[in-house]
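Positions are given from 1, in the same order as the sequence printed here.
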Amino acid sequence: MTKNHPNLRKTVSTADLYSDPSPPPIRASLSRNFTTVQRTRPNPFMTSRHGQQPAPSSRHSIAVPSHSLLDTDNDYFETRPALLKSPTPPPVPPKLKLPPIQAIPPRAERVRVDPAKYTKPFLDYISTNPTVFHAVDAVAKDLEAHGYTKLLERDSWKLKKGGKYFVERNGSSLIAFAVGEGYAPGNGAAIVAGHIDALTAKLKPIPALRTKAGYVQLGVAPYAGALNSTWWDRDLGIGGRVLVKQAGKIISKLVKLDWPIARIPTLAPHFGAVSAGPFNKETQMVPIIGLDNSDVSGATEENWKPALLGGEGAFTSTQPERLVKAISNELGIKDYSTIVNWELELFDIQPAQLGGLEKEFIFAGRIDDKVCSWAAIQALLNSTDSDESSSQIKIVGLFDDEEIGSQLRQGARSNFLPTIVERVVDSFADSGITSLVSRTYANSFLVSSDVTHAVNPNFLNVYLENHAPRLNLGLAIAADSNGHMTTDSVSTAILQKCADKVGAKLQVFQIRNDSRSGGTVGPMLSSMTGIRAIDAGIPQLSMHSIRATIGSLDPGLGVLAFQGFLDHFETVDAEFAL
């Protein structure tokens, strides 16, 4: 049996709890940190033939760290005064006149990560930025506040060593990078990449629907796995981006109607089997957004005409009248015809909250994967605020469309990351760009930071023992033998050494052989560039639900681990010839 790394070693054996099928009911002792099962297990070599049983003992033991054989604590001699007694004290050496030691200029102290300090900022971020456009915009503002310069892909770039920059694409993806003071073309990059999109329901191009039974409804389409059972009976707002013609230019404005506008009502169980599903997402999961009983009050369908807000042929003339007015009022738009188009979606308006008896949980929507994306950005800000002397590039990439395959121009399968790296190399290289880019990829490392599965206490039998991550402990490395994850022995060893330098703990997750692993941005980015990579993310419960759960310390623990990687990869990588 191979010995696990100390940070990956299990604390308690729980083999029976993770077995399949579930164990038969037996006397159990449950505690907050772990579960133990007490059984009497007679030893056939120790048991008397006359039926005498030895005293029952616990089947489980708790692993504790071993102490050094040589105790070198500072209080060693204070606690052992007998060792200090001597008949003749040693002679006192003569005082020598030494030249004063020249003071070494202090290096900028790295920002120390206290995980608890990141809990409230993450709650605020996830609550106030419900759509992918809001999330990217908030990250951009945070970067600018820390001295990062926004670049446009259309423009030519003039980069400098020690510079900090970011680039947006489509308003829904973002790559931030910092060039070290000692950077030379061909040097590597420390990269953290995740996705910032989340399951949602997007408004159809023409979402206006005919009123049915007095209800005004909205035509929406599920994005990824949205409109599942967790979306029933939720208070839903509407938000996204609006394209507006202003001073002869078309610009993007963000909008957020964060009161309960829409709801998808369930059918009461009294109606029998039809209320149990399965349900048709096109006809039975259509949100209601208002009432219109004008047909009962005397108005006839022949007299009904659309309002044609903005004039015939305008975009707003195809949209629900009340929605156009609400959004225009929110943005201060008087002329409806200036609205050229929009991309809007539904979102759960309930804010992120602390939960649990001691507030050890975070209950929130859109955690997958805004939590890892946010933590990676905070780690980058800490790393580049405290140290710009690196000879490498530090990069954080936040991609859209991961939940639907990453195939679009703002997704991880696009050329977004490769072109950014190429342009950085191009800015500092004299010639031979192609070979320098290849060297850059070979010297780089990618942490693919998507959330992974936390262990669910009600379904232990679907998890592998020793591969069941817990909340509030640290990142979980995700492994998969069929290549859905990039993790291998080399990448695990590199990330572990980086984590050790900052005291970050790592867990491990792998799915059972009778289940199928999900995938994320790691394999596509690694295979496209040849960069060494690992998949490691924050564990969460209720993945793909409209509301999910993580530990209240997990955002800060993510910052700690990602910053440890960004700060120490350069020195750790020097130890590897792989």
Side-chain angles (χ1 to χ4, degrees), residues 129-137 140 152-154 168-173 197-198 200-212 215-224 226-227 236-264 281-282 285-292 294 301 303-347 349 400-401 404 408-411:
N129 299 288
T131 76
V132 66
F133 301 110
H134 287 86
V136 168
D137 182 67
L152 300 178
E153 285 192 274
R154 291 188 178 195
E168 291 183 24
R169 181 178 281 190
N170 189 49
S172 59
S173 289
D197 60 316
T200 187
K202 297 191 175 187
L203 270 63
K204 293 180 177 179
I206 304 178
L209 300 175
R210 285 186 176 272
T211 300
K212 293 191 296 184
Y215 290 102
V216 179
Q217 293 182 283
L218 192 66
V220 297
Y223 176 85
L227 294 184
L236 304 174
I238 296 177
R241 70 174 175 183
V242 181
L243 303 184
V244 181
K245 189 173 183 179
Q246 185 173 299
K249 294 286 185 180
I250 296 176
I251 62 173
S252 174
K253 291 190 174 184
L254 300 183
V255 68
K256 179 175 58 176
L257 307 180
D258 54 0
W259 67 89
I261 294 175
R263 175 173 279 249
I264 303 171
K281 292 184 178 181
E282 181 63 38
M285 296 197 72
V286 185
I288 58 174
I289 59 172
L291 291 172
D292 180 4
S294 57
E301 187 173 346
N303 296 330
W304 178 86
K305 289 184 179 179
L308 296 180
L309 295 179
E312 190 170 357
F315 168 77
T316 48
S317 68
T318 66
Q319 305 300 304
E321 178 183 350
R322 297 186 195 178
L323 181 60
V324 172
K325 291 180 177 179
I327 288 176
S328 299
N329 182 63
E330 191 74 15
L331 296 178
I333 295 175
K334 304 298 183 184
D335 183 358
Y336 301 133
S337 66
T338 60
I339 298 179
V340 176
N341 212 310
W342 60 35
E343 288 178 73
L344 303 177
E345 63 186 58
L346 301 180
F347 61 88
I349 68 164
D400 192 9
D401 300 320
I404 56 172
L408 303 181
R409 62 183 288 268
Q410 58 269 18

Working for side chain to side chain contact (heavy atoms under 4.5 Å, CB included), residues Val132 and Thr200: CA-CA 10 Å; Val132 66; Thr200 187; over 6 Å; no
Applying side chain to side chain contact (heavy atoms under 4.5 Å, CB included) to Leu236 and Phe347, what does each step give before you reach the verdict? CA-CA 5 Å; Leu236 304 174; Phe347 61 88; over 6 Å; no
Tell me if a side-chain donor or acceptor on Ser173 pairs with a main-chain N or O of Asp400 at a distance below 3.5 Å. yes
Heavy atoms, side chains only, cut-off 4.5 Å: are Pro287 and Val220 in contact? yes
Before you tell me yes or no, could you show the steps for Trp259 and Ile349 under side chain to side chain contact (heavy atoms under 4.5 Å, CB included), namely the whole-Å CA-CA distance, both residues' side-chain angles and the distance that decides it to 0.1 Å? CA-CA 7 Å; Trp259 67 89; Ile349 68 164; 5.5 Å; no
Distance (rounded to the nearest 0.5 Å) between Thr316 OG1 and Ile339 CD1: 6.0 Å
Side chain to side chain contact (heavy atoms under 4.5 Å, CB included) partner of Ile250, chosen from Thr338, Val244, Asn341, Leu243: Leu243
Return each pair, listed once, that meets side-chain hydrogen bond (donor to acceptor under 3.5 Å, both in side chains) where at least one residue sits in residues 322-334; pairs must be two or more places apart or across chains. Glu321-Lys325
Please report the interatomic distance CD(Gln246) to CD1(Ile333), rounded to the nearest 0.5 Å. 8.5 Å
Tell me, do Leu344 and Val255 make a side-chain contact under 4.5 Å, heavy atoms counted? yes
Counting only heavy atoms not in Lys245, do more than 12 fall under 6.0 Å of its NZ? no
Would you list the pairs meeting ring-ring contact (aromatic ring centres under 6.0 Å, His included) in which at least one residue belongs to residues 313-332, sequence neighbours left out? Phe315-Trp342
Is a donor on one side and an acceptor on the other found under 3.5 Å between the side chain of Glu343 and the backbone of Leu203? no
Taking atom CZ of Phe133 and atom CD of Glu168, what is their separation to the nearest 0.5 Å? 11.0 Å
Output the distance between atom CD (Glu345) and atom OG1 (Thr131), rounded to the nearest 0.5 Å. 5.0 Å
To the nearest 0.5 Å, what is the distance between CD1 on Ile288 and NZ on Lys212? 11.5 Å
Show your working on side chain to side chain contact (heavy atoms under 4.5 Å, CB included) between Leu227 and Ile264 and close with a plain yes or no. CA-CA 9 Å; Leu227 294 184; Ile264 303 171; 3.5 Å; yes
To the nearest 0.5 Å, what is the distance between CG on Asn170 and CG on Asp401? 8.0 Å
